[in-house]
Amino acid sequence: MSSAPAPADPVKPALLTLAEVIKTFGGLTAVNRVSFAVDEGTVVGLIGPNGAGKTTVFNLITGNYQPDRGDISFAGRRLNGLRTHRIIMLGIARTFQNIRLFQQLTALENVLAGCHYRMRGGILSAMLNLPAQRRVEGQAIEQALQALEFVGLTQQVFTAAKNLSYGNQRRLEIARALATQPRLLILDEPAGGMNEQETEALIGLIEQIRARGITILLIEHDMRLVMRACDKLVVLEYGGKIAEGSPERVRADPRVIEAYLGTEEDA
């Protein structure tokens with residue numbers, strides 16, 4: 001008597017989902033009915049020409065903007081209407097196209113700012129410097145040091161952010177974002193301004209972050225990084241999605257070649 005076949009594994013829902021999202025500014029439609037999903041544990045690249053709407057999509061996900069229409073969901077929770085700090089607490093962290101560090105503060109102090117999102121302690125305990133508050137502060141410092149070690153900034157712990165190299169400032173931003181303990185890390189042009197050696201090191205760092213179980217969504221113009229680091233690409237043009245799929249499939253898409261990579265002869 002043959003045994004019954006094992007039941008198929010249920011399809012795991014995506015970690016992040018955008019459905020028919022629209023965002024307008026005056027008469028300009030910056031994001032036009034964009035839909036895509038980011039599966040947990042993957043690296044997804046959002047690419048397209050300048051002005052395609054990529055950063056606007058990031059700002060919609062992180063609560064800096066609110067969509068006019070459509071839905072954005074994270075881990076089964078609708079993000080529409082939530083403020084940025086609530087979205088961070090749910091497990092989404094980001095870096096920015098233009099570096100946003102506290103330039104006068106040390107690397108450690110910058111990362112501690114990220115740790116404080118997860119700290120449990122009241123104003124009174126902080127004012128009285130109670131033992132519980134000291135324990136929380138000690139844990140935060142330990143977490144910050146671990147984040148700095150992870151991104152390779154152990155030797156720059158007490159260096160002011162303004163005195164770090166450009167590449168190390170990028171790494172510091174990533175360390176601060178990781179200190180919030182995200183499930184999804186959003187990187188806005190992380191290789192911007194980096195030289196070839198720094199970009200190569202960044203690819204390795206992205207792989208290490210993914211190995212920790214953190215999902216990554218990134219905007220990036222460096223196609224070498226995109227092709228090597230991403231499992232899937234979503235391509236925008238004039239605010240709308242024109243292609244989605246594996247890097248190999250997207251690279252061969254005539255619409256992408258024309259809109260983003262240049263003419264077929266150039267490609």
Side-chain angles (χ1 to χ4, degrees), residues 11 13-40 42-82 84 87 92 94-98 184-192 215-267:
V11 177
L15 181 63
L16 176 74
T17 303
L18 281 75
E20 296 290 308
V21 173
I22 297 175
K23 181 62 181 178
T24 60
F25 298 98
L28 172 67
T29 301
V31 176
N32 189 11
R33 301 180 63 134
V34 169
S35 300
F36 66 88
V38 177
D39 292 330
E40 191 156 17
T42 62
V43 180
V44 175
L46 187 62
I47 68 172
N50 290 331
K54 305 181 297 296
T55 296
T56 301
V57 169
F58 274 16
N59 286 331
L60 289 166
I61 295 169
T62 57
N64 298 92
Y65 300 151
Q66 293 298 324
D68 298 318
R69 290 181 58 188
D71 289 306
I72 304 174
S73 299
F74 175 73
R77 173 78 180 268
R78 191 168 183 261
L79 299 184
N80 298 50
L82 294 184
T84 298
I87 292 173
I92 298 178
R94 73 171 294 180
T95 64
F96 294 87
Q97 180 179 355
N98 299 315
L184 172 66
L185 177 62
I186 295 178
L187 303 175
D188 195 344
E189 296 195 31
T215 305
I216 298 173
L217 175 62
L218 65 89
I219 292 172
E220 186 51 64
H221 288 292
D222 189 318
M223 296 307 295
R224 294 170 303 168
L225 184 153
V226 166
M227 293 297 170
R228 289 177 55 186
C230 294
D231 303 297
K232 182 174 81 170
L233 298 179
V234 177
V235 188
L236 301 183
E237 184 185 26
Y238 300 120
K241 185 179 75 174
I242 62 170
E244 179 177 359
S246 68
E248 294 76 17
R249 178 180 175 183
V250 166
R251 180 170 54 187
D253 191 310
R255 294 169 299 176
V256 178
I257 294 173
E258 180 180 358
Y260 185 72
L261 300 177
T263 65
E264 188 172 356
E265 290 77 10
D266 291 338

Q: Less than 4.5 Å apart, side chain to side chain, heavy atoms only: is that true for Val235 and Ile242?
A: yes
Q: Measure the CD-CD distance between Glu189 and Glu220 for me, rounded to the nearest 0.5 Å.
A: 6.0 Å
Q: What's the separation between atom CG in Leu184 and atom CZ in Arg94, rounded to the nearest 0.5 Å?
A: 11.0 Å
Q: To the nearest 0.5 angstrom, please state how far the CD atom of Gln66 sits from the CG atom of Asn59.
A: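 So the gap between those two atoms works out to 11.0 Å.
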Q: Closest approach of Ser35 and Glu20, non-hydrogen atoms and distance?
A: OG-N, 2.6 Å
Q: Give a yes or no on whether the backbone of Leu225 and the side-chain of Asp222 come within a donor-acceptor separation of less than 3.5 Å.
A: yes
Q: Can you see which heavy atom on Val34 is nearest to which on Gly239, and at what distance?
A: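 Closest pair (atom of Val34, atom of Gly239, distance): CG2-O, 3.3 Å.
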Q: Working note: Val57 + Val21, criterion side chain to side chain contact (heavy atoms under 4.5 Å, CB included); need CA distance, chi angles, decisive distance, verdict.
A: CA-CA 9 Å; Val57 169; Val21 173; over 6 Å; no
Q: Nearest 0.5 Å please: distance from the OG1 atom of Thr215 over to the CG atom of Leu16.
A: 9.5 Å
Q: Would you check, one step at a time, whether the test side chain to side chain contact (heavy atoms under 4.5 Å, CB included) holds for Asn32 with Tyr238?
A: CA-CA 8 Å; Asn32 189 11; Tyr238 300 120; over 6 Å; no
Q: Could you check if a side-chain atom of Leu18 sits within less than 4.5 angstrom of a side-chain atom of Ile61, using non-hydrogen atoms only?
A: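 Result yes, sub-4.5 Å side-chain heavy-atom pair found.
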Q: Taking the six-membered ring of Phe58 as reference, does the NZ or CZ atom of Lys54 fall below 6.0 Å from its centre and within a 45° cone about the axis?
A: no
Q: Do any N or O atoms from the side chain of Thr17 and from the backbone of Ala37 form a donor-acceptor pair under 3.5 angstrom?
A: no
Q: Considering all heavy atoms of both residues, which atom of His221 and which atom of Gly48 are nearest to each other, and what is their separation?
A: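 Closest pair (atom of His221, atom of Gly48, distance): CE1-O, 3.5 Å.
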Q: Is there a side-chain contact between Met227 and Leu233 (heavy atoms, below 4.5 Å)?
A: yes
Q: As an exercise, state the distance from CG of Leu79 to CD1 of Ile92, rounded to the nearest 0.5 Å.
A: 5.0 Å
Q: Can you tell if the side chain of Pro67 reaches within under 4.5 Å of the side chain of Lys23, non-hydrogen atoms only?
A: no
Q: For the residue pair Pro247 and Cys230, what are the closest heavy atoms and their distance?
A: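 What the structure gives for the nearest pair is CG-O, 3.3 Å.
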Q: Taking side chain as C-beta onward, heavy atoms only, is Thr42 less than 4.5 Å from Lys232?
A: no
Q: Does the pair Met223 and Ile47 meet the rule for a side chain to side chain contact (heavy atoms under 4.5 Å, CB included), with working shown?
A: CA-CA 9 Å; Met223 296 307 295; Ile47 68 172; 4.1 Å; yes
Q: Determine whether a donor-acceptor pair (N or O, by modelled atom type, separation under 3.5 Å) exists between the side chain of Asp188 and the backbone of Ile219.
A: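 Absent.
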Q: Only pairs under 3.5 Å count here: list side-chain donor-acceptor contacts from residues 69-76, not counting sequence neighbours, and write none if there are none.
A:
unit_1 : atom_1 : unit_2 : atom_2 : d
Asp71  : OD1    : Arg78  : NE     : 2.6
Asp71  : OD1    : Arg78  : NH2    : 2.7

Q: Take Arg77 and Leu82, measure what side chain to side chain contact (heavy atoms under 4.5 Å, CB included) needs, and give me the verdict at the end.
A: CA-CA 10 Å; Arg77 173 78 180 268; Leu82 294 184; 3.9 Å; yes
Q: Judged by atom type as modelled, is there a donor-acceptor pair below 3.5 Å linking the side chain of Thr84 to the main-chain atoms of Thr62?
A: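 Yes, the answer is positive, given that a donor and an acceptor are paired below the 3.5 Å cut-off.
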Q: Just verifying a value: how many Å separate Leu187 CG and Ile216 CD1, rounded to the nearest 0.5 Å?
A: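 Taking CG in Leu187 and CD1 in Ile216, the distance rounds to 6.0 Å.
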